[in-house]
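Throughout, protein chains are lettered first and strands after them, A, B, ... in sequence-line order, and every chain is numbered starting at 1.
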Number of protein chains: 2
Amino acid sequence: MARRGPTNAAQASAPTSVDVARLAGVSPATISLVLNGRASKVRISDETRDRVIAAAAQLGYTPNHAARSLRQRRTNIITFVLPTLDNPYFSDVVRAAQTAAQQHGYAVSVIPAKTMPGEFHALSFLQGAAFDGIIVAGRENCTAAELRQLAARGVAVVVLQEHSPDSAIQSVSVDLEAGGYMATRHLIDLGHRRIAHVTEKLHEPGTRRDRLDGYCRALEEAGLTFDPSLVLTAENTMAGGSNATEQLLDLGALRPTAAFMYNDQMAVGALHALRVRGLRVPDDFAVVGFDGVAIGQFTAPTLTTIDHPREELGRLAIEALITAFEKRPADMREHLLPVKLVVRESCGGGKTSPPKARRRAQAK
Amino acid sequence: MARRGPTNAAQASAPTSVDVARLAGVSPATISLVLNGRASKVRISDETRDRVIAAAAQLGYTPNHAARSLRQRRTNIITFVLPTLDNPYFSDVVRAAQTAAQQHGYAVSVIPAKTMPGEFHALSFLQGAAFDGIIVAGRENCTAAELRQLAARGVAVVVLQEHSPDSAIQSVSVDLEAGGYMATRHLIDLGHRRIAHVTEKLHEPGTRRDRLDGYCRALEEAGLTFDPSLVLTAENTMAGGSNATEQLLDLGALRPTAAFMYNDQMAVGALHALRVRGLRVPDDFAVVGFDGVAIGQFTAPTLTTIDHPREELGRLAIEALITAFEKRPADMREHLLPVKLVVRESCGGGKTSPPKARRRAQAK
DNA sequence: CAGTTCTGCTAAATCCTTTTAGCTAATTCG
DNA sequence: CGAATTAGCTAAAAGGATTTAGCAGAACTG
């Protein structure tokens, strides 16, 4: 009822536990005990409990986040660092992570770090540590040293799709190498001999086993020689995939008959470039994507791709974080999830259009 | 050098301002003054300043976020509440918002609220107010009352694409109604008479002037009667757009010859459904999307759409928030940004394939 | 009835930084 | 030279919730 100051009715400031305590006729300590269900440690009568709850409800009381975090030395927030928001891949991963996190009492917030202008290295924001743990996808934004520093400070860190840079850091990945192998092998089985691979960027050696490794393994296994001119680097967007594909088509006689693209997004770009150039897919040129996101089911033609267990990835990342919070020794430092080939139309070979595909794939 | 406790070297905990103060031989107050550049208020000698900076660097000191927030009553974090992460539309908006926010010293974090399982209404997380301001896109997650409550607590609120629910809340939108009009008018101009509109959901009356309003206005202006059977509601995904389009195609003799889709995502689904049914676009059926996101340039055929000033939207949202922080009276409570028609292939009428389009559009 | 055990609650410390009044020593002024 | 500034820094309070030792009274116990 009674406001703090006498005259400043306009000053709308959030009620504190002291306000609730006063209204309920108890001490602030009791407010905390009741509202956090600390009944196991300290006894509170039902009557008092009800009174506190009613008072809190009446005032619309919510504990001050900063104060609570300060005292508890934890925020109950997990931050998911993504390169950008424009990759639907992470939508599924984050959704699953949220579900898992919530079950453990954590909220998930997302930071698209690559879009940060200027010198933003996750670090600057991260060091403030307005969160208890962090899941890093897309290491462009933090060096291994930065991550180690965070971990050393007591922030739990999990990296996605890369090798762990530190013994205190767990990693959760899908088997990119196997995916690369499956995609390339699929094209080889369909008769392709000159197969391009468009990737995002050549990662630092040792940080991960990537699509490219699987691509090479498949070629080697089939007795095909690796041709560096067929491996391109492009921006990870539809436009990037389109541009890279144009470059491939400009190779003339040495032009490949198929491309294994870094992800579905870039594969969509590839399909576009091929259409613009008047090439039929899969008859004149085959395309395999990577990730298995929704768009692949809606392109013309639909996209053969390597599907990832994205939900599992998000769930595991959270679980790895939780074990780190609890200082439990992780049963595994690196989690590796399997991928699977999903055959649709863009390579032929699927159920949808079996006849022409195999024949033409060899052409050229 | 010297650690806190004698034996617990393993206990890695972040250094505090007291640690830095001790090392630099000054008081914690000085640490704060130096590191925050409060030189204007309190004088610190250059020598001391350098010593403090060196000490902070040596220990890798970063102020504790919770303590700072508690004292300053602000977090310097702005939260962007999105329905989901799988809509590329927001990628551009958030990127621009980040840039703008950073210039004012704020960091932006994103919460995909619709993906929150269970009873998550932004509120539960939001009330903790681990942020100073919030931009809400996709009101599914917060009722007007909840937003008002937040605003009353002193959290600055900006809503996107809806009318402001409260005088203390600014809104920033693009002119959805005009967009709906332009899209529909474009189809009418191309000769279409039975034009469908697939939307996400029929919003609460009064919360916004939406695409549907523009659609109706264009029909009316052209003397066409509104046919409720041509207005469908579907899930805001490619699959949703595809399903809705199938329903439209099942209308038999009453089948429309064109569809104006809620957004580009759903339009991609529509193109897919049409292809599956063997209809040619734009010859047999025309499609207009909405939003102007990248995918529209890469579909087959490419997508005619209503382009939004997404960067402007993000930037303005932040600016509205900043004025709210500073308690400046907003010069405008509702900002409305213009949209524009981008003609590509999916309706004909563009530069790419002008001849057939107009002729066939009338067919049936 | 004195002693013990519960019950139910509170006082006070703590988390870490920021902020402001004010102190001390050095400098300047008249 | 004493008084008034000024420079340079610090002490201490504040911010709001959580946590733990412990108090006061009620209920038992022998």
To the nearest 0.5 angstrom, please state how far the CD atom of A:Q170 sits from the NE2 atom of A:H335. 4.5 Å

Closest of D:dA17, C:dC16, C:dT17 to the A:P63 side chain is D:dA17

Round to a whole Å and report the spacing from CG of B:L70 to P of C:dT14. 17 Å

Name the residue closer to the 5' end of DNA chain D, choosing between B:G25 and A:R68 according to the nucleotide with the nearest heavy atom. B:G25

Check whether B:Q58 reaches the backbone of B:L23 with its side chain - one donor and one acceptor, N or O, closer than 3.5 Å. no

A:Y61 vs D:dG16: side-chain N/O to OP1/OP2 distance below 4.0 Å: no

Hits for side chain to side chain contact (heavy atoms under 4.5 Å, CB included) against B:T30, two or more places apart or cross-chain, chain-then-number order -> B:V26, B:S27, B:V34, B:I44, B:T48, B:V52

Close approaches to DNA chain C from residues 27-36 of chain A, in residue order (heavy atom, under 4.0 Å): A:S27, A:A29, A:T30, A:L33

Kindly compute the distance separating NE2 (B:H65) from CG (B:N76), expressed to the nearest 0.5 Å. 8.0 Å

Quick check, are the ring centers of B:Y106 and B:F325 under 6.0 angstrom apart? yes

Distance (rounded to the nearest 0.5 Å) between A:R68 CZ and A:S32 OG: 7.5 Å

Non-neighbouring partners of A:Y61 that pass ring pair (Phe, Tyr, Trp, His ring centres under 6.0 Å), sequence neighbours left out: none

Please report the distance, rounded to the nearest Å, between CZ in A:R73 and P in C:dC15. 7 Å

Starting from P on C:dC16, measure out to CG on B:L59 and report it in whole angstrom. 14 Å

Examine C:dT17: is either OP1 or OP2 under 4.0 Å from a nitrogen or oxygen in the side chain of B:S17? Give yes or no. yes

Strictly under 3.5 Å: I want the nitrogen or oxygen pairs between protein and nucleotides 4-8 of chain D, one per line.
residue, atom, partner, partner atom, Å
D:dA7, OP1, B:R43, NH1, 3.2
D:dA7, OP2, B:R43, NE, 3.2
D:dA7, OP2, B:R43, NH1, 2.5
D:dA7, OP2, B:R43, NH2, 2.2

Drop me the distance from A:S91's OG to B:D86's CG, to the nearest 0.5 angstrom. 4.0 Å

side-chain hydrogen bond (donor to acceptor under 3.5 Å, both in side chains) involving A:E311 - partner list, sequence neighbours excluded: none

Quickly work out the B:N76 CG to C:dT17 P distance and round it to whole Å. 16 Å

A:Q72 CD to D:dG16 P: how many Å, rounded? 17 Å

To 10°, what angle do the rotation axes through the five end pairs on each side of the helix from C:dC1-D:dG30 to C:dG30-D:dC1 form? 60°

May I have the distance from A:D50 (atom CG) to C:dC9 (atom P), rounded to whole angstrom? 11 Å

Can a donor-acceptor pair be found, under 3.5 Å and without considering hydrogens, that links the side chain of B:T79 to the backbone of B:I134? no

Record whether the side chain of A:R71 comes under 3.5 Å of the base of D:dT18 through a donor-acceptor pair of N or O atoms. yes

Over all heavy atoms of both residues, which pair between A:V172 and A:L316 is shortest? Give the atoms and the distance, please. CG1-CB, 3.8 Å

Rounded to the nearest Å, what distance is computed from the CZ atom of residue A:R74 to the P atom of nucleotide C:dC16? 16 Å

Distance col, row B:F90:CZ vs B:L313:CG, nearest 0.5 angstrom, shows 8.5 Å

